[in-house]
Student: 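Attaching a single structure in structure tokens format; questions to follow.
Throughout, protein chains are lettered first and strands after them, A, B, ... in sequence-line order, and every chain is numbered starting at 1.
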Amino acid sequence: MDNNERRKQPLFPIGIVKKLTSLSARQIRYYEEHKLIQPTRTEGNQRLFSFEDVDRLLEIKELIDQGVNIAGIKTVLGTIDGTPPVADIKEVEEKNDLSDKELHDLLQAHIQEHIAKPSMNNPLIQGQLHRFFRR
DNA sequence: CTTCTGACA
DNA sequence: TGTCAGAA
């Protein structure tokens with residue numbers, strides 16, 4: 001059993017994750033709905049999070065604290081089921097109040113043309129995010 | 001007692 | 001996002 005496997009092991013319930021991330025259960029469930037994380041379930045339908053999930057939630061929290069909204073977070077971290085991180089977001093510079101879908105579609109179109117490096121934490125991205133994805 | 005889903009004075 | 005209800 002390698003370390004990567006350990007990181008994916010479903011281990012803790014939402015109560016523990018709340019303490020580990022300082023996020024509310026409401027937020028944690030909300031981020032799951034938006035495919036930012038993918039905790040497994042127990043037989044009783046209870047969520048079980050892995051170290052990997054906690055790490056992602058920590059990254060999400062950082063962005064939330066920086067004032068980045070869901071759309072912005074998806075742009076930086078990408079979703080669990082596909083959407084990779086994006087780098088260039090100049091295209092949305094003027095548009096500041098896009099809905100998640102509009103922004104998603106706009107970014108997807110952009111990705112088609114300028115295939116960017118899926119960097120988990122591109123300094124250039126984070127530096128501009130607060131300007132384009134302010135709540 | 002803890003967590004889950006759905007809903008909104 | 002918080003919080004309440006009703007169920008598991």
Side-chain angles (χ1 to χ4, degrees):
Chain A
M1 189 185 288
D2 54 64
N3 293 302
N4 197 300
E5 201 171 327
R6 297 177 204 285
R7 283 175 50 68
K8 294 181 180 301
Q9 273 282 1
L11 302 175
F12 7 74
I14 200 166
I16 300 298
V17 179
K18 284 175 57 183
K19 296 179 180 178
L20 262 36
T21 64
S22 295
L23 287 170
S24 66
R26 178 77 167 75
Q27 291 175 298
I28 296 173
R29 293 172 183 138
Y30 181 73
Y31 302 145
E32 177 188 33
E33 286 183 51
H34 287 268
K35 306 183 189 305
L36 263 33
I37 53 174
Q38 190 175 63
T40 62
R41 300 294 182 114
T42 63
E43 300 180 342
N45 196 41
Q46 306 283 283
R47 269 169 270 250
L48 279 188
F49 303 74
S50 65
F51 280 110
E52 193 170 73
D53 293 323
V54 175
D55 287 340
R56 279 205 45 116
L57 285 172
L58 253 20
E59 297 185 277
I60 292 170
K61 180 178 169 48
E62 290 305 298
L63 295 173
I64 286 295
D65 291 343
Q66 287 175 45
V68 180
N69 62 200
I70 287 293
I73 294 175
K74 288 180 179 177
T75 304
V76 184
L77 305 179
T79 57
I80 286 298
D81 70 335
T83 315
V86 182
D88 192 326
I89 52 181
K90 295 176 184 174
E91 312 262 327
V92 296
E93 192 159 6
E94 299 90 54
K95 311 194 172 190
N96 236 28
D97 50 17
L98 293 173
S99 69
D100 280 4
K101 175 171 173 50
E102 295 177 314
L103 182 54
H104 175 77
D105 294 337
L106 199 161
L107 289 171
Q108 279 303 147
H110 181 76
I111 297 174
Q112 301 306 324
E113 314 166 43
H114 323 259
I115 304 301
K117 302 289 183 300
S119 173
M120 279 286 266
N121 47 347
N122 183 314
L124 184 148
I125 301 175
Q126 299 191 349
Q128 297 184 95
L129 274 178
H130 65 76
R131 288 193 297 157
F132 308 138
F133 299 102
R134 270 303 184 190
R135 316 182 195 172

Student: Rounded off to whole Å, could you give me the CG-to-C1' distance for the L48(A) and dT3(B) pair?
Tutor: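 In whole Å, dT3(B) C1' lies 11 Å from L48(A) CG.
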Student: Is any side-chain N or O of Y30(A) closer than 4.0 Å to OP1 or OP2 of dC4(B)?
Tutor: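 It does not, given that no N or O in the side chain of Y30(A) lies less than 4.0 Å from OP1 or OP2 of dC4(B).
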Student: Among residues 8-19 of chain A, which ones have heavy-atom contacts with DNA chain C below 4.0 Å?
Tutor: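 Heavy-atom contacts with DNA chain C come from no residue of residues 8-19 of chain A; none.
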Student: Give a yes or no on whether the backbone of L58(A) and the side-chain of T21(A) come within a donor-acceptor separation of less than 3.5 Å.
Tutor: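 It does not hold such a pair.
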Student: With a 4.5 Å heavy-atom cut-off, do L57(A) and I28(A) have their side chains touching?
Tutor: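 Answer yes - side chains close enough.
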Student: Let me know the distance between CD of Q46(A) and C1' of dC1(B), rounded to the nearest Å.
Tutor: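 That distance rounds to 12 Å.
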Student: Say whether, by atom type as modelled, one donor and one acceptor occur between the side chain of D55(A) and the main chain of E52(A) under 3.5 angstrom.
Tutor: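 No.
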Student: Under a 4.5 Å side-chain heavy-atom rule over Ile, Leu, Val, Met, Phe, Trp and Tyr, are I80(A) and V68(A) clustered together?
Tutor: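 Cluster IDs for I80(A) and V68(A) differ.
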Student: Can you find a pair of side-chain heavy atoms, one from I70(A) and one from Y30(A), that are under 4.5 Å apart?
Tutor: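 Side chain of I70(A) against side chain of Y30(A), heavy atoms only: contact under 4.5 Å found.
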Student: I want to check something: taking the side chain as every heavy atom from C-beta on, are V54(A) and F12(A) in contact at a cut-off of under 4.5 Å?
Tutor: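 SC-SC contact between V54(A) and F12(A) confirmed.
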Student: Stem list for DNA chain B, please, built from Watson-Crick and G-U wobble pairs under 3.5 Å and keeping only runs of at least 3.
Tutor: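 Consecutive-pair runs (3 or more) involving DNA chain B: B:2-8 with C:2-8.
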Student: Nearest-Å distance, CZ (F49(A)) to C1' (dT2(B))?
Tutor: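 For the pair F49(A) CZ and dT2(B) C1', the rounded distance is 13 Å.
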Student: Below 4.0 angstrom, which residues in residues 20-29 of chain A have at least one non-hydrogen atom near DNA chain B?
Tutor: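 Residues of residues 20-29 of chain A under 4.0 Å from DNA chain B: R26(A), R29(A).
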Student: Using a 4.5 Å cut-off on heavy atoms from C-beta on, say whether the side chain of R47(A) contacts that of R29(A).
Tutor: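 With C-beta onward as the side chain, the pair touches.
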Student: Can you confirm whether L23(A) sits close enough to I64(A) that some side-chain heavy atom of one is under 4.5 Å from a side-chain heavy atom of the other?
Tutor: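 The answer is no; the side chains never approach within 4.5 Å.
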Student: With a 4.5 Å cut-off on side-chain heavy-atom distances among I, L, V, M, F, W and Y, is there a chain of contacts connecting L11(A) to L20(A)?
Tutor: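 Yes, L11(A) and L20(A) fall within the same hydrophobic cluster.
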Student: Within the structure provided, determine whether E5(A) and D2(A) are in side-chain contact (heavy-atom separation under 4.5 Å).
Tutor: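 In contact.
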